[in-house]
Amino acid sequence: QVQLVESGGGLVQPGGSLKLSCAGSGTNFKFYSMAWYRQAPGKQRELVAAISSRNYTNYPGSMKDRFTISEYKITNTVHLQMNSLKPEDTAVYYCNDQDGEPGPNYGVNYWGKGTLVTVSS
């Protein structure tokens with residue numbers, strides 16, 4: 001009922017840039033809040049950035065210095081612009097959607113399958 005599809009990952013050299021995209025769809029999809037998470041091998045999944053339907057943003061790890069999250073609600077799309085990439089940014093990046101509509105699915109998290117970002121020389 002909710003599908004999230006990420007795109008834009010790939011191999012990039014340190015200092016380079018990538019822009020990730022996530023498209024939401026499905027009969028139950030409504031844009032309340034979305035986020036990007038990442039998970040490196042052997043590490044815990046962490047929140048990169050979050051955004052609400054009113055363009056409030058959250059960068060819990062001060063990643064706003066290099067990363068920027070944005071939304072385009074008409075196409076149910078959220079983007080993550082990543083600049084000045086470092087090897088430690090290498091991870092699988094996941095799109096997340098949290099259901100904010102009152103009802104039995106309130107607060108339920110939906111996930112995409114992820115897109116791999118590799119930062120290496």
Side-chain angles (χ1 to χ4, degrees):
Q1 294 184 345
V2 174
Q3 295 85 39
L4 304 172
V5 180
E6 303 100 333
S7 62
L11 175 64
V12 64
Q13 292 185 344
S17 299
L18 283 175
K19 185 176 182 179
L20 306 183
S21 298
C22 173
S25 62
T27 57
N28 286 348
F29 180 84
K30 292 183 179 179
F31 196 112
Y32 289 97
S33 65
M34 299 184 71
W36 286 97
Y37 287 74
R38 70 184 184 185
Q39 186 169 23
K43 296 184 178 180
Q44 186 177 357
R45 185 178 298 186
E46 65 175 337
L47 175 65
V48 176
I51 189 167
S52 76
S53 62
R54 299 198 66 181
N55 286 308
Y56 296 113
T57 59
N58 180 36
Y59 301 89
S62 298
M63 297 183 195
K64 62 180 176 62
D65 294 337
R66 298 185 294 120
F67 294 0
T68 302
I69 190 170
S70 61
E71 64 186 13
Y72 189 58
K73 294 187 288 294
I74 295 177
T75 55
N76 297 324
T77 304
V78 63
H79 303 282
L80 183 69
Q81 178 66 50
M82 305 185 295
N83 300 321
S84 302
L85 285 164
K86 304 174 181 179
E88 52 263 42
D89 294 319
T90 296
V92 176
Y93 285 71
Y94 296 92
C95 182
N96 166 265
D97 172 55
Q98 188 171 60
D99 195 325
E101 183 176 14
N105 293 325
Y106 180 82
V108 172
N109 285 287
Y110 304 95
W111 300 92
K113 294 183 178 180
T115 184
L116 177 63
V117 173
T118 302
V119 185
S120 176
S121 299

*Quick one: do Leu47 and Leu4 end up in the same hydrophobic cluster if we chain Ile, Leu, Val, Met, Phe, Trp and Tyr together by side-chain heavy atoms under 4.5 Å apart?*
no
*Should the pair Glu46-Arg38 be classified as a salt bridge under the 4.0 Å nitrogen-to-oxygen rule?*
yes
*Would you indicate whether the side-chain heavy atoms of Ser52 and Tyr32 approach each other to under 4.5 Å?*
no
*Tell me whether Leu20 is reachable from Val92 by hopping between hydrophobic residues (I, L, V, M, F, W, Y) whose side-chain heavy atoms are closer than 4.5 Å.*
no
*Residues which pass salt bridge (Lys or Arg N to Asp or Glu O under 4.0 Å) with Lys73, listed by chain and number, not counting sequence neighbours*: Glu71
*Would you kindly confirm whether Val108 and Phe29 end up in one hydrophobic cluster when ILVMFWY residues are joined by side chain heavy atoms under 4.5 Å apart?*
yes
*How long is the gap from NZ on Lys30 to CG on Asp99, to the nearest 0.5 Å?*
9.0 Å
_Derivation of the side-chain contact (heavy atoms from CB on, under 4.5 Å) call for Phe31 and Ile51_ = CA-CA 10 Å; Phe31 196 112; Ile51 189 167; 4.3 Å; yes
*Give, for atom CZ of Phe67 and atom CH2 of Trp36, the distance between the pair rounded to the nearest 0.5 Å.*
11.5 Å
*Sort out for me which residue in Tyr94, Tyr93, Trp111 forms a ring pair (Phe, Tyr, Trp, His ring centres under 6.0 Å) with Tyr37.*
Trp111
*Between atom CG of Asn105 and atom CD of Gln1, what is the distance when rounded to the nearest 0.5 Å?*
7.0 Å
*asked:* Rounded at 0.5 Å granularity, tell me how far CD1 in Ile69 sits from OG1 in Thr57.
replied: 8.0 Å
*asked:* Quick check: closest heavy atoms across Thr90 and Val119, and the distance to 0.1 Å?
replied: OG1-N, 2.9 Å
*OG of Ser7 to NZ of Lys19: how many Å apart, nearest 0.5 Å?*
10.5 Å
*State the CG-OG distance between Asp89 and Ser120, to the nearest 0.5 angstrom.*
12.5 Å
Donor-acceptor pairs under 3.5 angstrom involving side-chain atoms of residues 77-84: please list them, not counting sequence neighbours.
{"unit_1": "Thr77", "atom_1": "OG1", "unit_2": "Thr75", "atom_2": "O", "d": "3.0"}
{"unit_1": "Thr77", "atom_1": "OG1", "unit_2": "Thr75", "atom_2": "OG1", "d": "3.1"}
{"unit_1": "His79", "atom_1": "ND1", "unit_2": "Ser21", "atom_2": "OG", "d": "2.9"}
{"unit_1": "Gln81", "atom_1": "NE2", "unit_2": "Asn83", "atom_2": "OD1", "d": "3.0"}
{"unit_1": "Asn83", "atom_1": "OD1", "unit_2": "Ser17", "atom_2": "OG", "d": "2.9"}

*What's the shortest heavy-atom distance between Cys95 and Glu6, and which atoms?*
N-OE2, 2.8 Å
_Quick check on Glu88: does its CD atom have over 12 non-hydrogen neighbours (other residues, nucleotides or ligands) under 6.0 Å away?_
yes
